[in-house]
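A short write-up of the structure that comes next.
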Amino acid sequence: MKKAQAVLADKRKIAKDTYEMELTVEEMNVIPTPGQFAHIRIGNGSAHMLRRPISIADVDPIQNTLTIIFKVIGGGTNELSHCQVGDELDVLIGCGQGYPVEDLAIQKALLIGGGIGVPPLYYLAKRLREQGIEVTSILGFQTKEHVFYEKEFSLLGGVQIVTNDGSYGHKGFVTDVVPPVSDFGSYFTCGPTGMLKAVTHQLKGQKGYISIEERMGCGIGACYACVVPIADGEGFRKICKDGPVFKAEEVVL
Amino acid sequence: MKKAQAVLADKRKIAKDTYEMELTVEEMNVIPTPGQFAHIRIGNGSAHMLRRPISIADVDPIQNTLTIIFKVIGGGTNELSHCQVGDELDVLIGCGQGYPVEDLAIQKALLIGGGIGVPPLYYLAKRLREQGIEVTSILGFQTKEHVFYEKEFSLLGGVQIVTNDGSYGHKGFVTDVVPPVSDFGSYFTCGPTGMLKAVTHQLKGQKGYISIEERMGCGIGACYACVVPIADGEGFRKICKDGPVFKAEEVVL
Amino acid sequence: MSLRVDLPGLSLKNPIMPASGCFGFGREFSELYDLHQLGAIIIKAATQEKRYGNQTPRVAETASGMLNAIGLQNPGVATIIDEELPFLQSFDVPVVANVAGSSVEEYVHVARKLSESELVHALELNISCPNVKEGGIQFGTDPDLAREVTYKVKEVSKVPLYVKLSPNVSNIVAMAKAVAEAGSDGLSMINTLTGMQIHLPSKRPLLANQTGGLSGPAIKPIAIRMIYEVKQHVSIPIIGMGGVTTAEDVVEFLLAGASAVAVGTANFQNPFVCPEIIEALPQALEKYGFTSVEDCIGKGHPHESSYLSRT
Amino acid sequence: MSLRVDLPGLSLKNPIMPASGCFGFGREFSELYDLHQLGAIIIKAATQEKRYGNQTPRVAETASGMLNAIGLQNPGVATIIDEELPFLQSFDVPVVANVAGSSVEEYVHVARKLSESELVHALELNISCPNVKEGGIQFGTDPDLAREVTYKVKEVSKVPLYVKLSPNVSNIVAMAKAVAEAGSDGLSMINTLTGMQIHLPSKRPLLANQTGGLSGPAIKPIAIRMIYEVKQHVSIPIIGMGGVTTAEDVVEFLLAGASAVAVGTANFQNPFVCPEIIEALPQALEKYGFTSVEDCIGKGHPHESSYLSRT
Ligand SMILES: Cc1cc2nc3c(=O)[nH]c(=O)nc-3n(C[C@H](O)[C@H](O)[C@H](O)COP(=O)(O)OP(=O)(O)OC[C@H]3O[C@@H](n4cnc5c(N)ncnc54)[C@H](O)[C@@H]3O)c2cc1C
Ligand SMILES: Cc1cc2nc3c(=O)[nH]c(=O)nc-3n(C[C@H](O)[C@H](O)[C@H](O)COP(=O)(O)OP(=O)(O)OC[C@H]3O[C@@H](n4cnc5c(N)ncnc54)[C@H](O)[C@@H]3O)c2cc1C
Ligand SMILES: Cc1cc2nc3c(=O)[nH]c(=O)nc-3n(C[C@H](O)[C@H](O)[C@H](O)COP(=O)(O)O)c2cc1C
Ligand SMILES: Cc1cc2nc3c(=O)[nH]c(=O)nc-3n(C[C@H](O)[C@H](O)[C@H](O)COP(=O)(O)O)c2cc1C
Ligand code: FES
Ligand code: FES
């Protein structure tokens with residue numbers, strides 16, 4: 001983890017309430033891994049005392065840029081969405097443990113993302129492809145208006161879009177289209193806890209990685225705000241430090 | 001008093017920590033009088049619950065612009081100074097009672113300003129000149145670096161600059177150069193309370209108007225934050241509503 | 001979408017009213033908008049005699065809040081009845097009069113005069129003002145004193161009584177129970193928390209009174225907690241306040257158990273905040289699935305908690 | 001410019017220390033900067049046995065503040081002594097251990113173990129945690145209980161004792177006097193104020209524990225007021241906290257009467273805030289005319305007020 005002074009290099013609205021931002025970071029000594037998050041300070045004053053965790057959606061180590069994609073949910077993301085190109089942002093980068101892209105002995109990967117859980121999977125998909133791993137993605141959104149990055153994902157492999165109201169792609173939940181029998185070596189999922197529960201239940205017994213959301217205080221493992229109990233025995237993990245990515249069977253959702 | 005959505009049209013740093021801003025106001029039905037203030041909201045969120053009172057330093061009724069000049073003192077003026085040209089500002093305009101420019105039967109006016117008390121006197125000087133009244137100004141600043149608007153005032157009449165440390169103009173306080181015998185019909189002063197006390201004491205018996213600073217809550221007369229006792233008998237005035245300009249002998253400083 | 005709420009003495013077309021001390025006697029705001037839009041108006045505190053209040057400075061800004069130490073400046077109850085209250089009649093809005101004092105006798109005197117004037121619909125008994133040396137706050141931190149003054153005021157009042165509670169206590173439920181038992185028709189909560197700011201250049205407390213009352217969004221979590229706790233133990237209705245600036249804040253107060261909401265400090269940041277909240281409220285209620293204000297009141301209290309401790 | 005302060009058991013090179021619960025046991029922050037820079041370190045609360053704490057969500061953001069309901073999660077005093085405290089020895093920084101419990105016996109046990117470990121320089125007795133069902137807060141709101149637990153802990157402790165006061169009381173001076181009489185060597189104030197936030201979409205309290213402790217700049221005026229009041233009545237030194245984010249805030253706490261300052265919530269907004277404050281402090285002190293930290297302590301108390309009432 002490292003504190004960086006980032007500059008907003010580009011900003012685009014890519015779907016309903018959803019923004020893509022490109023941040024230039026001075027020197028990126030350590031390249032973030034997919035699944036890690038940026039912990040972003042909101043404003044300069046004391047109005048917002050907590051940073052906002054936002055996943056790394058892409059990295060360009062040559063240009064020294066990071067991409068984040070976020071949805072405006074409340075006050076913090078709203079203020080973030082009003083930053084202008086050229087503004088400085090105070091960001092902690094490389095927070096947490098990401099997906100273990102380097103150590104996978106698999107041929108095919110199934111990626112399952114829901115809403116604001118989709119962004120980290122894009123960077124993951126790119127890095128998996130670099131390893132020669134085939135990628136299939138199932139991406140769930142509320143409505144057609146919320147869909148983003150369909151084309152970007154399709155350049156990396158098969159994509160199936162699901163919307164809750166059926167206004168685009170398949171109607172329903174991501175679990176409706178998860179293949180019952182698997183030919184993938186591992187699955188990778190990120191999204192709201194309800195979705196993670198459904199996915200891990202449906203794919204029980206398969207090798208998989210989940211990324212968990214929780215309200216955070218420090219974001220670096222010091223405050224015990226973001227704990228999750230482990231599945232075997234007593235004990236817990238800190239989502240901000242030991243996660244947000246865990247093996248599917250490691251923790252109790 | 002009227003709430004206006006103003007747009008920052010121009011911003012200039014004119015002295016140490018001191019900014020001049022030109023605000024475009026949609027329709028200026030009522031032209032503010034000199035001595036009235038703008039009550040300016042700081043930021044959009046809830047970080048700053050109190051507006052900041054800043055005097056009107058100039059008005060262009062044709063272009064629908066107001067000029068304000070302020071010094072960065074603390075968090076609020078600091079945030080204000082970071083506004084960018086094009087930003088919207090939520091401003092209450094035409095607050096309080098200004099100097100009675102129209103009803104003066106005088107030939108000569110003496111203006112005495114200290115620091116952030118100087119700005120309203122510029123608009124006053126202009127309006128007095130329009131009435132054919134001759135204007136002499138004594139302007140006090142901390143140091144040479146803090147001096148502003150000397151040239152602007154000099155175009156309207158005689159100007160004497162005083163600095164506390166003598167780095168420019170006369171060294172000392174404005175009261176050092178106030179003429180002991182008067183040939184002016186009335187004096188007009190604005191500045192810190194200590195200065196107002198000294199000036200009114202020195203010019204006791206002369207006709208004069210003072211403009212008072214006080215920490216404000218509502219700025220419209222509803223909260224009793226900004227009261228000042230009247231000189232005769234019991235009772236009080238509200239600086240934000242009955243002032244900030246008072247006859248020199250009306251209130252107890 | 002009905003915004004209507006009926007409370008003892010107060011038939012409100014909507015649950016929004018300016019809080020005492022932040023709206024004077026309505027004159028200044030009446031120049032900005034039609035006061036008829038408001039659910040009710042709570043006027044500035046009245047005492048038996050006129051009071052000048054504390055020295056200035058009387059206000060200071062704090063992070064997401066402010067301190068005030070006005071010190072109950074007011075022209076006295078007789079002048080308020082003669083000169084201020086008649087003005088408010090023309091707007092056809094329920095008026096709540098805030099009653100202050102330094103002794104039980106003073107509270108009783110002021111309450112009697114106001115309720116006999118027939119110009120007010122309810123009284124708000126201010127036993128929680130932290131900014132005067134005598135009276136006020138000690139009635140608000142001792143349940144026995146609170147019970148006594150409530151009982152005595154209730155005896156003489158011809159209109160319903162809302163006792164305004166101080167948050168500067170360890171046990172807010174005990175205070176609420178005491179005044180409810182003594183006959184209060186409703187509660188008003190919360191008043192300000194006692195705070196201080198030191199002015200660094202002069203090295204002394206910024207407010208002339210040294211301490212002042214902290215209000216604004218900074219204290220909202222405390223207000224919500226106290227209302228939530230009190231709602232579980234006391235059945236009289238609550239007028240909630242403390243940091244309300246938006247229609248969503250109003251929904252939060254209603255969920256916590258308030259039946260109506262007063263807006264104080266936010267009037268200084270935005271003098272049009274009350275009508276703006278009233279306009280935004282139907283949409284905010286709809287967004288969270290409510291069909292009326294009444295439908296939302298107290299709905300933040302689940303019958304049982306679904307969270308189980310893992311200790 | 002000397003930043004040095006000497007307090008019972010704590011020889012501080014500067015008056016800045018992270019507050020309990022906001023810094024864990026120092027490991028994470030040690031990866032960000034050299035902990036040797038700090039005046040001292042106050043570690044997370046220790047209880048007799050390990051505790052898992054409350055369910056999540058455990059934190060919520062509020063206007064200029066936050067709520068937390070961690071619930072004293074910790075590995076238990078034995079594990080802290082064996083596995084956490086030795087790590088901190090390498091930084092040559094005084095360590096203050098925060099002692100929690102649900103009974104006098106538990107407090108005494110934890111305090112004895114920690115003080116016997118010879119790995120801590122002082123104890124901070126946490127009688128003010130609002131986030132556990134049993135113990136904690138009631139010791140912090142009843143002067144008699146506070147006196148008793150302080151007395152018993154003091155009896156067994158080989159290192160100086162700082163009792164950490166709760167702001168959720170009507171009379172902070174009474175609490176401070178009680179623990180000072182019982183032998184506390186210093187005070188630590190303030191802990192958090194009990195608050196709540198309701199999550200509108202789910203219509204229930206956002207925190208699983210329902211209520212949580214309010215901290216951050218929002219509460220600074222309350223902290224300053226309480227320290228200022230206590231300083232006038234009690235002579236033991238005070239470690240001040242509540243909303244410190246800048247060197248100017250530190251000056252304000254020193255003026256109010258604190259001899260040192262702990263920084264909590266601000267570490268979350270800016271993990272480098274402690275070293276940044278330490279760096280900025282000499283200039284801030286100089287700006288207001290002080291020649292050292294010691295020179296500034298308590299200077300916000302004028303011997304007599306120059307403000308006279310005009311009432
Ligand atoms: C590891 C991680 C990665 C994330 N990646 C993304 C991403 O790539 N894109 C994206 O749009 N969102 C992402 N989120 C969710 C995002 O952090 C929240 O939507 C955001 O913090 C909401 O802030 P707000 O101020 O707008 O909302 P508010 O509800 O006003 O926030 C108030 C507080 O709640 C917290 N909070 C609210 N919702 C969440 C949530 N779902 N998870 C965690 N904290 C929350 C905020 O951080 C803040 O402290 C991620 C969350 C985590 C934990
Ligand atoms: C009628 C009137 C006209 C003014 N005109 C000007 C002007 O033209 N140019 C200019 O630079 N300044 C002017 N001031 C002073 C200006 O309002 C303060 O300098 C400013 O509010 C400081 O805000 P801050 O947040 O930077 O300082 P902080 O000290 O952080 O402010 C905190 C609080 O104190 C109040 N405050 C601080 N200093 C003063 C003060 N001197 N007077 C009133 N309130 C204060 C602020 O409004 C705010 O509520 C005027 C004041 C009044 C009352
Ligand atoms: C300037 C000011 C003056 C106040 N005067 C009174 C008063 O006279 N009587 C009273 O009961 N409360 C008074 N209050 C308290 C408010 O009515 C309200 O309870 C408190 O400010 C919390 O609400 P808010 O956060 O919306 O301001 C005053 C508050 C402020 C800010
Ligand atoms: C997440 C969190 C955890 C805390 N845990 C403890 C604790 O274990 N023991 C304790 O005495 N205080 C604890 N506190 C209170 C702080 O030490 C401090 O007293 C309070 O937060 C006020 O300071 P601040 O505004 O700088 O945060 C905790 C505060 C926070 C925000
Ligand atoms: S957010 Fe502090 S430990 Fe995870
Ligand atoms: S600031 Fe409210 S009456 Fe003047």
Side-chain angles (χ1 to χ4, degrees), chain C residues 51-55 60 62-65 67 71 133 141-142 166 168-171 193-198 200-201 203-205 208-212 214 216-225 228-229 243 248 251-252 255-256 284 287-289 299-302 305-311, chain D residues 51-55 60 62-65 67 71 133 141-142 166 168-171 193-198 200-201 203-205 208-212 214 216-225 228-229 243 248 251-252 255-256 284 287-289 299-302 305-311:
Chain C
R51 293 208 195 178
Y52 181 80
N54 295 316
Q55 273 273 42
T62 68
S64 296
L67 292 169
K133 288 210 183 53
T141 54
D142 178 334
S166 167
N168 299 292
V169 297
S170 338
N171 188 342
L193 284 125
T194 310
M196 177 186 281
Q197 187 171 103
I198 298 184
L200 302 192
K203 304 181 186 57
R204 54 169 64 241
N209 186 52
Q210 300 205 337
T211 60
L214 181 66
I219 69 167
K220 196 183 73 170
I222 299 170
I224 294 289
R225 186 264 296 182
Y228 197 91
E229 281 182 2
E248 304 231 326
V251 175
E252 191 177 356
L255 287 170
K287 178 171 171 193
Y288 297 106
K299 287 290 159 53
H301 293 258
S305 173
S306 71
Y307 299 112
L308 296 168
S309 175
R310 280 180 185 143
T311 317
Chain D
R51 293 209 195 177
Y52 182 80
N54 295 315
Q55 272 273 41
T62 69
S64 295
L67 293 168
K133 289 212 178 55
T141 55
D142 179 333
S166 167
N168 299 292
V169 296
S170 337
N171 188 342
L193 285 124
T194 310
M196 178 186 280
Q197 186 172 102
I198 298 182
L200 303 191
K203 304 180 185 60
R204 54 170 64 240
N209 187 52
Q210 301 206 336
T211 60
L214 182 65
I219 70 168
K220 194 183 74 171
I222 298 169
I224 294 289
R225 186 265 294 183
Y228 196 91
E229 281 181 3
E248 304 230 327
V251 175
E252 190 176 355
L255 287 169
K287 178 170 172 192
Y288 298 107
K299 287 289 159 52
H301 294 259
S305 174
S306 71
Y307 298 113
L308 297 167
S309 176
R310 279 180 184 143
T311 317

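Only a predicted model underlies this, so the values are computations on that prediction, with no experimental measurement involved. Order of the sequence lines sets the chain letters (A, B, ...), proteins ahead of strands, with each chain counted from 1.
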- Message: Please give me the minimum heavy-atom distance between C:Leu214 and D:Pro221, naming the atom from each residue.
- Response: CD1-CG, 3.9 Å

- Item | Closest non-hydrogen atom pair, D:Pro205 against C:Gly300 | CD-O, 3.7 Å

- Task: Go through the atoms of D:Leu255 and report whether side chain, backbone, both or neither lie under 4.5 Å from a heavy atom of chain C.
- Result: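 Contact with chain C involves both backbone and side-chain atoms of D:Leu255.
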
- Under 4.5 Å to a heavy atom of chain C? For D:Tyr288 that would be both

- Query: chain D: which of C:Gly216, C:Pro201, C:Gly65 shares the most heavy-atom pairs with it under 4.5 Å?
  - Reply: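 Heavy-atom pair counts peak at C:Pro201.
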
- Query: Can you name the side chain to side chain donor-acceptor pair (under 3.5 Å) partners of D:Lys203, sequence neighbours left out?
  - Reply: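 For D:Lys203 there are no side chain to side chain donor-acceptor pair (under 3.5 Å) partners, ignoring immediate neighbours.
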
- Interatomic distance, C:Thr211 atom OG1 to D:Arg225 atom CZ [nearest 0.5 angstrom]: 7.5 Å

- In this structure, CD1 of C:Ile222 is separated from CG of D:Asn168 (nearest 0.5 Å) by 7.5 Å

- Scan side-chain atoms only and decide if D:Thr141 and C:Ser170 contain a donor-acceptor pair under the 3.5 Å cut-off.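 No.
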
- If you count heavy-atom pairs under 4.5 Å between each of D:Val169, D:Ile224, D:Leu200, D:Leu67 and chain C, which one has the most? D:Leu200

- Do C:Lys220 and D:Gln197 come within less than 4.5 Å of each other through their side chains, counting heavy atoms only?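 C:Lys220 vs D:Gln197: side chains apart.
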
